[in-house]
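Only one structure is covered here, and it is reproduced in the block below.
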Amino acid sequence: MSVLVTGGAGYIGSHTVIPLVAAGHEVVIVDSFVNSNAAVVDRLEQITGATIPLIELDLRDREGLDRVFATGDVDAVVHIAALKAVGESTSKPLEYYENNLDGTFSLLGAMARHGVTDLVFSSSATVYGEDAPVPYQEDYEPLVASSPYGQTKVMIERILTDVAHADPRWRIALLRYFNPVGAHPSGLIGEDPQGVPNNLMPFLAQVAVGRREKLTIFGDDYPTADGTCERDYLHVDDLADGHLAALDAVRARDPGCRAWNLGTGQATSVMQMLRAFERAVGHELPYEIGPRRPGDLPAFWCDPTRAEAELGWHAGRTVDDMCADTWRWQSRNPEGYPEQVTH
Ligand code: NAD
Ligand code: WQD
């Protein structure tokens with residue numbers, strides 16, 4: 001089967017390509033490189049031994065996207081492309097709504113015109129908002145995210161639900177990722193944020209490799225065991241496997257649209273993550289305690305039982321695996337991917 005992966009040059013998309021290829025699918029990547037680098041495809045070809053076509057295209061380019069589907073070579077879509085920085089979305093809401101919503105409208109239009117109706121969508125734990133009880137469960141309502149970024153995920157989930165309700169050809173998976181971290185064990189691909197990392201794991205990795213002076217822990221006075229925030233970190237390769245499992249499941253299930261949490265169901269604190277990363281690196285890392293970051297929730301994790309029961313999927317890699325693999329990627333690629341390379 002031929003699978004179009006939008007955002008396949010990015011962090012999660014690049015890792016997702018690997019199990020899809022290993023399962024025998026032909027993968028085509030569409031990416032605008034707004035937050036990624038074409039160099040990733042050479043690395044993916046080294047890992048998989050397959051040729052992976054890469055089309056540089058903004059999803060909002062409707063004519064360009066029509067040309068991709070007109071080849072007749074797309075059987076299903078894994079829609080990962082989006083802008084994803086929570087803080088930036090607050091200062092640039094229009095950019096986020098336009099990119100994430102219009103990119104999705106354009107994609108859904110092209111899919112409908114070309115009779116492609118199997119879709120796996122990258123959603124996020126952020127759709128549960130501030131009031132959901134932990135562990136988060138898929139049936140929780142109302143979904144109200146607190147940032148424009150999160151709202152784009154809530155809105156797209158609603159749109160996809162309505163599309164599937166209106167037209168029984170559609171088979172759609174909404175995958176609510178928790179906190180994806182780690183890297184492929186080859187050390188060839190990993191997370192390569194532009195500028196100062198917003199997220200804990202890439203920040204820690206850049207401290208360890210000497211690109212940042214120290215980690216600032218955003219608050220140690222939360223109502224958690226050690227006072228630092230707790231999250232449900234999952235290895236990006238487990239998450240990648242979840243896309244393959246979801247694609248198989250939607251094609252085997254009755255038509256419709258269904259959400260699955262992808263997480264481990266375990267909470268790890270910032271301090272525990274720092275200590276695990278120190279184990280991976282082999283020495284202590286400099287840190288300070290700073291003020292809380294506005295908008296952070298004290299602790300959340302998922303109930304993963306629906307994904308385990310219905311997708312046959314389980315996130316089995318450990319926090320130590322996540323740190324060891326991140327460190328292998330970061331230490332072998334201290335500055336990330338080489339500067340923009342034309343594929
Ligand atoms: P990323 O930025 O590394 O990857 C996203 C990719 O999409 C990039 O390669 C970017 O260039 C591309 N892209 C963005 N807009 C595009 C457009 N209009 N047309 C074509 N390509 C476009 O981010 P990621 O961490 O890999 O996240 C992937 C997806 O997972 C996103 O939808 C994100 O919202 C979601 N998600 C991420 C996390 C996380 O912590 N990383 C958590 C939950 C959900
Ligand atoms: C984790 C913990 C920070 C950096 C974000 C998005 C969420 C989802 C995943 C897309 C928190 C602490 C962090 C630092 C720190 N993305 N931290 N020092 O905020 O749980 O989730 O990414 O959908 O929507 O909000 O992840 O990695 O930013 O933070 O102390 O320098 O690490 O306070 O407790 P978060 P994170």
Side-chain angles (χ1 to χ4, degrees), residues 5-16 29-38 40 54-61 64-65 78-87 89 95-96 98-104 106-107 121-128 145-147 149-150 152-153 156 175-181 189-194 196-204 206-207 212 214-220 222 224 228-234 236 239-240 243 262-263 267-271 273-274 287-301:
V5 180
T6 76
Y11 171 49
I12 294 165
S14 58
H15 287 80
T16 297
I29 294 175
V30 167
D31 203 299
S32 65
F33 303 130
V34 64
N35 195 38
S36 53
N37 185 317
V40 73
L54 166 67
I55 300 164
E56 181 173 358
L57 186 77
D58 191 307
L59 289 180
R60 293 168 291 175
D61 174 352
L65 202 53
V78 179
H79 177 31
I80 297 178
L83 296 177
K84 63 155 184 181
V86 174
S89 79
E95 217 172 283
Y96 273 68
E98 254 192 271
N99 188 77
N100 295 0
L101 290 173
D102 196 36
T104 302
S106 172
L107 176 68
F121 170 65
S122 299
S123 189
S124 167
T126 195
V127 301
Y128 289 106
S146 52
S147 68
Y149 161 74
T152 70
K153 296 297 181 190
I156 294 168
L175 301 184
R176 295 180 181 159
Y177 310 163
F178 279 66
N179 284 61
V181 297
I189 62 169
E191 190 168 11
D192 182 20
Q194 296 176 1
V196 181
N198 298 310
N199 301 113
L200 176 63
M201 195 63 141
F203 201 102
L204 264 174
Q206 291 194 9
V207 171
R212 312 268 157 215
K214 61 183 168 211
L215 173 73
T216 301
I217 294 181
F218 299 142
D220 69 348
Y222 284 96
T224 58
T228 65
C229 293
E230 295 175 348
R231 297 288 182 271
D232 184 341
Y233 297 96
L234 80 158
V236 67
L239 181 62
H243 293 75
L262 297 187
T268 303
S269 74
V270 178
M271 189 56 83
M273 202 49 133
L274 168 65
Y287 75 94
E288 65 179 3
I289 305 295
R292 292 182 176 196
R293 181 173 67 177
D296 273 344
L297 297 176
F300 63 84
W301 61 93

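Both counts, for ligands and for their atoms, begin at 1 and track the order of listing.
- Considering backbone and side-chain N/O atoms, N99 comes within less than 3.5 Å of an N/O atom of ligand 1.
- Checking only distances, Y11 does come within under 3.5 Å of ligand 1, N or O to N or O.
- Nearest to atom 5 (C) of ligand 1 among the protein's heavy atoms is A82 O, 3.8 Å.
- Between I80 and ligand 1, at least one N/O pair is under 3.5 Å apart.
- Of the protein's heavy atoms, D31 OD1, 3.4 Å lies nearest to atom 12 (C) of ligand 1.
- Checked by atom type, the side-chain pair S122/Y177 shows a donor-acceptor distance below 3.5 Å.
- Between V30 and ligand 1, not a single N/O pair is under 3.5 Å apart.
- The proximity of N179 to ligand 2, defined as any non-hydrogen pair under 4.0 Å, is limited to the side chain.
- Residue A9 places no N or O, backbone or side chain, under 3.5 Å from any N or O of ligand 1.
- Close contacts between ligand 2 and V270 involve ligand atoms 2 (C), 12 (C), 30 (O), 32 (O), 34 (O) [criterion: under 4.0 Å to a heavy atom].
- Heavy-atom proximity to C229, at under 4.0 Å, picks out these atoms of ligand 2: 34 (O).
- Looking from atom 33 (O) of ligand 2 to the surrounding protein, the closest heavy atom is D296 OD2, 2.6 Å.
- Contacts with ligand 1 closer than 4.0 Å are made by side-chain heavy atoms of K153 only, the backbone lying farther away.
- Contacts between T126 and ligand 2 below 4.0 angstrom, taking non-hydrogen atoms only, involve the side chain exclusively.
- Heavy-atom proximity to atom 14 (C) of ligand 2, evaluated over F218, F300, F203, is greatest for F218.
- Of all the atoms in ligand 2, the ones that sit under 4.0 Å from a non-hydrogen atom of S124 are 10 (C), 23 (O), 24 (O).
- For atom 25 (O) of ligand 1, the closest non-hydrogen atom on the protein side is K84 NZ, 2.8 Å.
- Taking every heavy atom of N198 and a limit of under 4.0 angstrom, the matching atoms of ligand 2 come to 4 (C), 28 (O).
- Below 3.5 Å of separation, one finds no N or O of K84 facing any N or O of ligand 2.
- In this structure, atom 2 (C) of ligand 2 lies nearest to the protein heavy atom Y233 OH, 3.6 Å.
- If you check which protein heavy atom lies closest to atom 25 (O) of ligand 2, you get V86 CG2, 3.4 Å.
- Among all non-hydrogen protein atoms, the one lying nearest atom 27 (O) of ligand 2 is L200 N, 2.8 Å.
- Contacts between A125 and ligand 1 below 4.0 angstrom, taking non-hydrogen atoms only, are absent altogether.
- In terms of protein heavy-atom proximity, atom 2 (O) of ligand 1 is nearest to N35 ND2, 2.7 Å.
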Point to revise | H243/F121 under ring pair (Phe, Tyr, Trp, His ring centres under 6.0 Å): CA gap, chis, key distance, verdict | key: CA-CA 9 Å; H243 293 75; F121 170 65; over 10 Å; no

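- S32 N, 3.1 Å is the protein heavy atom nearest to atom 21 (N) of ligand 1.
- Using a 4.0 Å cut-off to heavy atoms of Y149, the atoms of ligand 2 that qualify are 10 (C), 23 (O), 24 (O).
- Those atoms of ligand 2 with a heavy atom of I217 less than 4.0 angstrom away are 30 (O).
- Here F33 has backbone heavy atoms under 4.0 Å from ligand 1, and that is the only part of it that gets that close.
- Of all protein heavy atoms, the one closest to atom 18 (N) of ligand 2 is T216 O, 2.8 Å.
- Between K214, R231, M271, it is R231 that holds the heavy atom closest to atom 20 (O) of ligand 2.
- Only the side chain of L215 comes within 4.0 Å of ligand 2, counting heavy atoms alone; its backbone N, CA, C and O stay farther away.
- Taking 4.0 Å as the cut-off between side-chain N and carboxylate O, E288 and R212 do not count as a salt-bridged pair.
- Contact annotation for L57 and ligand 1: only backbone heavy atoms (N, CA, C, O) come within less than 4.0 Å of the ligand.
- In terms of protein heavy-atom proximity, atom 5 (C) of ligand 2 is nearest to N199 ND2, 3.7 Å.
- Closest to atom 26 (O) of ligand 1 among all protein heavy atoms lies I12 N, 2.7 Å.
- Checking only distances, L83 never comes within under 3.5 Å of ligand 1, N or O to N or O.
- Nearest non-hydrogen protein atom to atom 19 (O) of ligand 2 is R293 NH2, 2.8 Å.
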